[in-house]
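Here is how names work: the chains are called A, B, and so on, in the same order as the sequence lines, proteins then strands, and each is numbered from 1.
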Amino acid sequence: MKNKKPMTSQAIDPVVLAAIDWMVRLDNGHAPADVHTGFERWMAASDRHRQAWQEMTRALQPASQLQSVPHQSPAQLSIIRDVLNAPPSPQRRRLLNGMALVVAGLGTAYLLKRSPTGIALSADITTSTAERKTVILADGSQLTLDAESSIDLSFTAGKRLLTLHSGACIVQVATDPVRPFTVATTHGSVTALGTRFMVRRQSDRSLALVLQHSVMLAAGQQRQSLFEGESAWFDTKGIAPEREDMRSYAAWEDGVLDVRNQALGEVVEALRTYRKDYLRVSPAAAQLRVFGVFQLDDAERSLRTLAQALPIRITHYGPWLTLIDSR
Amino acid sequence: MSAHHHAALHALYRDHHGWLSHWLRNKLGCTQQAADLAQNTFIRVLQSRQLMHLQEPRAFLTVLAKRELYTFWRRRDLEQAYLQALAQQPQANQPSPEDMLLIREAIAALDQLLNGLAPNIRQAFLLSRLDGLTHVQIAESMGKSVATIERYMKQALLHCYLSSK
């Protein structure tokens, strides 16, 4: 028997891409009449067109099934959406990356964690895709934001509070013995008097990494000091110290992604905030181990470097999609 | 399936099934579930067609078994989240037991279909396909441009197409 290639390495039929285009145009809600007639003409033009449309409809079966389940109240639908919107916890995903196994009863952690929508618009400082920004704050502290990050500032006579809504920041805190400097996420808070540290907020947990001196981390009912070079994950339930040296996770500040034996899936996840298109990695390719230093500001070159180092194939589909498959 | 292939599968099952069941039992703490997942793992082996090229059978089995574990736990998490949310609803909003079963199955199926999709794309897709919002409404509620939402939708649809293949 021949060794079959992973299915995603087959070229995507342009007819399927056309069917997707029509679906999105028709989904628009107020598709003008000529879109409808154009679609009917396209469907009538060839058997292959109708077949691709059917394949797409079939692929979406689970969604239409949920929509047609008799709902006794609109509340049912919003519950289902909230449940589905919660991403798998990092512990679960790590299982797929073939890293350390974490077995824990985290069953209820998903509930209603959906972030308030449109939050980036109301934040004080934001960065967009592929953008990093360094600002000097009123107290002289220096703040650097990674791509796709947003932050709110609240400085008063008694405290300096910075709320990280998404992404990551590195702060070089100006010393002020009477006004502690705190970076808070929904998962907990990191407080320092004068030091340098990074906080990254992920959907289910946040990471604190101390680059200089020390900080006080508080999450759930727990408090813990972290010292230079140390890091810990935290969420509303508490703190989980990280034993690995995580300092390479702050390398984005210098515009590089420093990868030491991470799964390709994670590397791509980190590159995503630097690309406008959508990167999709096949499950087989996602498990490949990666070593190396990659330029964030030239994500295209980073992809090419990855393709040279690993048995993968990268295919671009227009400006909105890039597929990565194992070869 | 060739006789050769059949013999290879049989040998794999004979040599490693006990070990795999034990490995899964350590993860799950339940013999029955471990046996089910071990069975599912061997079904995946059948489908993977890589049997003849195996260098390290246990590493290969572990990768497949981890995917089974992931699906199992993810499904349980989803069910618990759904039941918990339901418990906070008034009696009048509770679905019938038959509907509830359908909903739980459909949630698991849709979640698997969307597995691997970036959170914001997933959110846009659900708002469109479950809530039936227009792209303009989704753009407003997510604080993004309509062009971005349409790009998300294309990406989501292609993802679904590829996942269902």
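Each of Leu127(B), Leu114(B), Leu126(B) was checked for a side chain to side chain contact (heavy atoms under 4.5 Å, CB included) with Asn85(A), and the lone residue meeting it is Leu126(B).
Under the ring-ring contact (aromatic ring centres under 6.0 Å, His included) criterion, His36(A) pairs with no residue at all, not counting sequence neighbours. With sequence neighbours excluded, no residue satisfies ring-ring contact (aromatic ring centres under 6.0 Å, His included) with Tyr161(B).
Residues Leu162(B) and Leu323(A) have side chains in contact (heavy-atom distance under 4.5 Å, counting atoms from C-beta outward). Inter-residue side-chain proximity for Leu158(B) and Arg280(A) is flagged as unmet; no heavy-atom pair is nearer than 4.5 Å. The side-chain heavy atoms of Arg122(B) and Leu84(A), taken from C-beta on, include a pair separated by under 4.5 Å. When side chains are defined from C-beta on, Val24(A) does not count as touching Arg151(B), because their heavy atoms never get closer than 4.5 Å.
Here the CG-CD distance, from Asn120(B) to Glu148(A), works out to 7.5 Å after rounding to the nearest 0.5 Å. One distance of note links CD of Gln123(B) with CG of Asp82(A); it measures 9.5 Å at 0.5 Å rounding. In this structure, the separation between CD1 on Ile80(A) and CG on Leu78(B) is 11.5 Å, given to the nearest 0.5 Å. Between the CE atom of Met23(A) and the NZ atom of Lys154(B) there is a distance of 13.5 Å, given to the nearest 0.5 Å.
Only the side chain of Phe125(B) comes within contact range of chain A, with at least one heavy atom under 4.5 Å from a heavy atom of that chain. Contact annotation for Ile121(B): only side-chain heavy atoms (C-beta onward) come within less than 4.5 Å of a heavy atom of chain A. No part of Val281(A) comes within reach of chain B, as not one of its non-hydrogen atoms sits under 4.5 angstrom from that chain. Only the side chain of Leu113(B) has a heavy atom closer than 4.5 Å to any heavy atom of chain A.
Minimum interatomic distance between Leu157(B) and Met56(A) (heavy atoms only, all atoms of both residues): O-CE, 3.5 Å. In terms of heavy atoms, Ala85(B) sits closest to Ile79(A) at CB-CG2, 3.5 Å. Residues Arg129(B) and Leu60(A) approach most closely at NH1-CD1, 3.8 Å, considering heavy atoms. Listed here is the closest heavy atom pair of Cys160(B) and Ala59(A): O-CB, 3.8 Å.
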